[in-house]
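All residue numbers in this chain count up from 1 along the given sequence. Because the structure is a prediction, the values reported are computed rather than measured.
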Amino acid sequence: MSAPVQHPRQALFGHDAPRPTLPVVDHYCGIEARMRKSLALQAELGPVFDITLDAEDGAPVGGEAEHALLIAELATSPANRFGRVGARVHPWGHAAFEADVDTLIARAGQRLAYLMIPKPEGADDVERAVEAIDAACARHGAPRLPLQVLVETHGALREVFRIAAHPRIESLSFGLMDFVSAHGGAIPRTAMELPGQFEHPLVVRAKLEIAAAAHAFGKTPSHCVVTEFRDGAALAAAARRAAREFGYTRMWSIHPDQIHPIVEAFAPAADEVAEAAELLLAAQAAQWAPISFRDRLHDRASYRYFWTVLERAERTGRDLPDEARRAFFPASIG
């Protein structure tokens, strides 16, 4: 009797915890008109990008409670078609943190995709924030939400591997602006811009540490903002560098015009997708034993790489060969 056909997720990763398969763009917005526009755009383009509704920087001083209520209303509205809407709360220790968490979970805990925890001073702050969020989920009968962390302080960077190891964290983001500002003028303003954010040694070190920590623990590293939102070519080049040189698999957008260039930069090329599909179908037919393919030997180590190519293709809306889609992504058919 022949062995059952195994899907790559079972055959290639064994007992490893599955990595979160997040969209490649995390789009931030905090003003009501922009939040509504972003939801309409997601409904049009599909879930190739997440929307993070911003309760931290988006809330006017004194209007934090009302802003959290607005976010909950939008997250539970029909405009949230795909369930890929999250929220950034105020930092742990801020006067509005507990109210943000309680409002969002009580009113929208069933519909939010994640919460973003900003500005922790270290791993202990992350643990306290997680405990408070999980307690609110239990109190309101909501599922435990996936959590993400924004690394933007000296302490968080120093303990980034401890933060990445936390089992409740699915993604680490780099907060470029606050990180540069935390150096008290020792890093020039140009390090917040292009090309400086890819050249200043302290910023480069931070990006690499965050990406390395995320990959070490199977989490998603999310690259920082590019403020030059009207320069499409510069943004595309930055996104390609983030993906190909710095190891990021997700990136922030702060303007709707940035979404498409980031998706394009993080998507695999058509020839890469075709090669990965052909190779993995051949490997599956061989029960994932080593094979010769295009005059090269391949085994599970390279199969894992080519599987990530197909996963990125799926997340970025790329066309897949019909046979590969039926074999590997049957839920997306029809």
Going from CG on Leu70 to CZ on Arg36, what distance comes out if it is rounded to the nearest 0.5 angstrom? 6.5 Å
Step-by-step side-chain hydrogen bond (donor to acceptor under 3.5 Å, both in side chains) determination, Thr52 to Tyr114: CA-CA 9 Å; Thr52 301; Tyr114 53 88; 2.6 Å; yes
Within a reach of under 6.0 Å around CZ of Arg34, are more than 12 heavy atoms found that belong to other residues, nucleotides or ligands? no
Please state whether the rings of His7 and Phe329 are parallel, tilted or perpendicular, taking 30° and 60° as the class boundaries. perpendicular
Pair Arg325 + Glu314, salt bridge at N-O below 4.0 Å: yes
So do the side chains of Leu172 and Ile163 get within less than 4.5 Å of each other, counting heavy atoms only? yes
Parallel, tilted or perpendicular: which describes the rings of Phe161 and Phe217, with under 30° parallel and over 60° perpendicular? perpendicular
To the nearest 0.5 Å, what is the distance between NE2 on His166 and CD1 on Ile117? 8.0 Å
Answer with yes or no after comparing the ring centroid distance for Phe198 and His223 against a 6.0 Å cut-off, counting only values under it. yes
Between Lys207 and Glu245, is there a side-chain N and carboxylate O pair less than 4.0 Å apart? no
Trace of the salt bridge (Lys or Arg N to Asp or Glu O under 4.0 Å) decision for Glu264 with Arg318: CA-CA 10 Å; Glu264 289 298 307; Arg318 287 293 182 265; 2.8 Å; yes
Can a salt bridge be assigned to the pair Arg88 and Asp57 using a cut-off of 4.0 Å between side-chain N and carboxylate O? yes
Between Trp288 and Tyr303, is there a donor-acceptor pair closer than 3.5 Å when you use the side chain of the first and the backbone of the second? no
Does atom CD of Gln284 have more than 12 heavy-atom neighbours, drawn from other residues, nucleotides or ligands, at distances under 6.0 Å? yes
Arg107 atom CZ, over 12 foreign heavy atoms within 6.0 Å: no
Under a 4.5 Å side-chain heavy-atom rule over Ile, Leu, Val, Met, Phe, Trp and Tyr, are Phe82 and Met35 clustered together? no
Does CG in Asp319 sit with more than 12 non-hydrogen atoms of other residues, nucleotides or ligands closer than 6.0 Å? no
Heavy atoms of other groups near Glu323 CD, more than 12 under 6.0 Å: no
With a 6.0 Å cut-off (strictly less than), is the heavy-atom count around CZ of Arg294, excluding the residue itself, greater than 12? yes
Assess the residue pair Asp54 and His67 against the criterion (side-chain hydrogen bond (donor to acceptor under 3.5 Å, both in side chains)); give the C-alpha distance rounded to whole Å, side-chain angles, the decisive distance to 0.1 Å, and a yes or no. CA-CA 9 Å; Asp54 191 1; His67 198 69; over 6 Å; no
Would you check, one step at a time, whether the test side chain to side chain contact (heavy atoms under 4.5 Å, CB included) holds for His140 with Asp102? CA-CA 9 Å; His140 295 293; Asp102 198 68; 2.8 Å; yes
Test: Glu193 and Arg189 ion pair at under 4.0 Å: yes
Say you draw a straight line from CD of Glu66 to CD1 of Ile71; how long is it, rounded to the nearest 0.5 Å? 12.0 Å
Can you classify the ring geometry of Phe49 versus His27 as parallel (below 30°), tilted (30 to 60°) or perpendicular (above 60°)? perpendicular
